[in-house]
Amino acid sequence: MPFSGAWGSASTIARMLASNVVSAELEAAGKLEGLGKKQAKQFVNDGVNSRAQELAEAIADHVRESGRFATVEAVNGYINISYDALSVARRLLHEVLRQDDTYGHAPEATHPGRIMIEHSQLNTHKAAHVGHLRNVCLGVAVTNIARAAGYTIMPTTYIGDIGRHVIQCLWCYREFHQGEEPHRKGSRGRWLGDIYAESSARLTFRKSVLAFLDRVIQENIVFVEAIDRMLKKLWADHNESEDIAYLLGCVSNQKAIDPAVFVDDTVMVKFWPIIGEQLTQERDAPPPEPDDTAGTVTPEGEDQPETMSPEERVEEWARLNATMADWWPQSATWEQEIKDTFQLWEQKDPEFVALWEKTREWSMIELREIFDEFGATFDEWFCESGVEDAGRKIVRDLLEEGIAEISEGLPVVKIDEKLGLETETYRTMPILRSDGTTLYSTKDLALTRMKFVDYGVDTAVWVVDVRQSLYFDQISKILEISGFAQAANTIHLGYEFVALPTGTISSRKGNAPMLEDVRGLMLDRAARVIEQKNPQMDRAAREKVAWQVGIGAIKYTMLARDSNKVIVFDPEEALSFDGHAAPYIQYAHARACRILEHAGWDTAAANAAVETIDLPEPAPEELSLLQTISDFPAVVQRAGAEYRPLYLTNYVYDLSKTFNDFYHACPVLRSDEPVKTARLTLVAATRVTLRNGLALLGINAPEEM
RNA sequence: GCGCCUGUAGCUCAGGGGAUAGAGCGUUGGGUUGCGGACUCAAAGGCCGUAGGUUCGAAUCCUACCAGGCGUACCA
């Protein structure tokens, strides 16, 4: 246990002893007899403080006599032992500088077993968003750290190259963009992402229209009355009066509209301009507030559901209006078309498979770019398309073994039943769709079995959104039931989602900040700041540093929060270059580099000097910096064992702060020998430790910025 | 219903059973012709969700409750 003001550690032994001694004495003296447990404790407690101090003093005297420590003091019942700073400092600095890039790393295979970490499960045919970014950052950091801590790590990824999103994208491509090429800007992978987004917009179009109408009808009485009148206009030139009557009924009774009831489906297209007219009118000439406040008192402080402003209503109406005439009539059959497209894949239609292969590669190029940029490397790339067949086989096996059964027309495993659990715990997992197409679970069962059988993995880690925790428990239990002991060693490293300040992320709704956008935003901002702070830096260096700082800031933001906490990704805050963030740490590193540069020191010079350093009277700031540097390997061990990069983000921040304290209090270049050399080696060791710490987080340490 | 997660300064969060619970942001007021001010010092600000329990000692471990979020058979 550390204590402030000196380099050493504190022992709580005197306190523990004191409580034993005091209670034994009191008992012997018979003072505890007849007292309640509570009172007895109170008695003991009263005696402990003073007694601990007495004991601490006695022990301290004894330890002091051994002469092995610089100082031994008894304070508040704790024994504070501080080391002989000079000899320990020499040893530490020597080790740090000698080990250089590997300081803090444990020897390979320090811990037994082979651990496979699967992360960064990106999708082809679809744009990645900030949630994926958290995954990549976490996966990379956990891999680096666990490896440095001496575990045998196999990083892998699992690409979603088939599944509903791919089918949707390709359906949209074939129907509406066949033969097109991307516009000037952007890669083909990104363009496919746009097509996927379009397919989602198309498929949810009816729902969006109805939800919007429903909302406006519920929220706005004036609107309802006006529409009621205006519908009569429509009556005149529409020949299906039943539809008009139906719409009229829905609106005036504030009921949801069901398009299945329409005789003529295009009535919605005709109805839409009328709505727009009314909404525009309301926006431009707001009706007076209804004077019924006496009747409906809104309780203060209670959260009202957010109502849309007139501007927002017109905006949303216009967004839907842009495609209304084109999409509404067609959209009724699109769901069926998706199902048909699914069948093309299932039947391995050659033309369709060829298209899939071609477009898949477009996306893969982009994925490799993302992985390169964020420092993700993999021993193996798994793909969903590669485990579908193995998935069907495992389903057959499970059925044969009686582990799975057909229920409600599809194969499922009733896990609780198989485990003999009375209370519902793992529930029932479907493992294949009733139409024979594969589910995510089909493929994950097969893949996880492959990890055990073909890769000899002892521990399988999934870095996946925390909402899938029941799902992974189910996968794990099913494999355990079918005889895989390793299934007990599967770890779901879940993390919470990344949200915008205004609401939840959902790529389907198109309001998610895309990985690409966040990246661009951060790089621009970093470039601007560097230009402002360091205008004399040459262009090439500036671009490189802007990249290091921008990406570093993203990574630090993603890692400096516990996995089970939601990150509210406020671009403004993430872009802040002050305080508890990557640039502060990178800056400390750059300053350390600059000091060494001024002194003309390189690694060799530091190594040569460390043998003979002398620190006659170490300052508290020096001691605390030494102590922090010496903590590094233990931090790596803890972060590795628990898969928690957070310990390291905290550590590098702490080290930077300690270093800032040090150089603020202790001049390096301006001090006299031998202090100057001693301090320079301290700076050199700080630089090494900071660089190594950042490297484990996947963050670059620029030498100037 | 059941299960998982969260609750600490105005806000965002650290906190490995131990000393007076710490940072950043924000607020207020200071510092340096300096090894680059992307720095630094200080002040103000806390029934650590509530109530019990374990312990010499609990923000930390256990139980119950309250509040919020998420999950809960053919989404991924």
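Throughout, a chain's letter reflects where its sequence line sits, starting with A, and its residues are numbered from 1.
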Kindly say if A:H598 contacts the phosphate of B:G36, meaning a side-chain N or O under 4.0 Å from OP1 or OP2. yes
Of B:G18, B:G24, B:U40, the nucleotide closest to the side chain of A:H664 is B:U40
Close aromatic pair by centroid cut-off 6.0 Å: A:Y556 and A:H580: yes
Distance check needed: B:C70 C1' versus A:E496 CD, whole Å only. 7 Å
Between C1' of B:G53 and NZ of A:K41, the distance in whole Å: 9 Å
Select one nucleotide: of B:A19, B:A73, B:U40, the one nearest the side-chain heavy atoms of A:Y584. B:U40
Is there a donor and acceptor pair closer than 3.5 Å between the side chain of A:R427 and the base of B:G3? no
Could you identify the nucleotide paired to B:C2, looking across every strand shown and requiring Watson-Crick or G-U wobble geometry with both distances under 3.5 Å? B:G71
Rounded to the nearest Å, what distance is computed from the CZ atom of residue A:R467 to the P atom of nucleotide B:C70? 7 Å
Can you tell me which nucleotide in B:G36, B:A73, B:C56 comes closest to the side chain of A:E408? B:A73
Using a cut-off of less than 4.0 Å, is there contact between a side-chain N or O of A:R644 and OP1 or OP2 of B:G15? yes
Just how far, in rounded Å, is C1' of B:U40 from CG of A:D661? 9 Å
Please tell me which of the listed nucleotides, B:A73, B:A38, B:U40, lies nearest to the side chain of A:K657? B:U40
From B:A73, B:C75, B:G18, nucleotide with atom closest to A:Y78 side chain: B:G18
Nearest whole Å is fine: how far is B:A14 C1' from A:D654 CG? 11 Å
Can you tell me which nucleotide in B:A76, B:G36, B:A23 comes closest to the side chain of A:Y587? B:G36
So A:F472 and A:H492, would you call those rings parallel, tilted or perpendicular, with 30° and 60° as cut-offs? tilted
Rounded to whole angstrom units, what separation is found between the CG atom of A:L55 and the P atom of B:A19? 19 Å
Test for a donor-acceptor pair under 3.5 Å between the base of B:A19 and the side chain of A:T12, counting only N and O atoms. no
Checking contacts here: which listed nucleotide (B:G15, B:A38, B:C56) is nearest the side-chain heavy atoms of A:L646? B:G15
A:I167 CD1 - B:A76 P separation (whole Å): 11 Å
Please compare A:A665 and A:R15 by the position of their nearest nucleotide in RNA chain B and report the one closer to 5'. A:R15
Reckon A:N650 has a side-chain N or O less than 4.0 Å from the OP1 or OP2 of B:A14? no
Nearest whole angstrom, please: distance from the P of B:U60 to the CG of A:D562. 17 Å
Can you check whether A:N660 has a side-chain N or O nearer than 4.0 Å to OP1 or OP2 of B:U40? yes
Where the side chain of A:Q468 is defined as all heavy atoms beyond and including C-beta, which of B:U6, B:A76, B:C56 is the nearest nucleotide? B:A76
Closest heavy-atom pair and its distance - A:Y158, A:V387: OH-CG2, 3.6 Å
Does any N or O donor sit under 3.5 Å from an N or O acceptor when you compare the side chain of A:S469 with the base of B:C4? no
Using the six-membered ring wherever Trp is involved, compare the ring planes of A:Y196 and A:H165 and label them parallel, tilted or perpendicular (cut-offs 30° and 60°). perpendicular
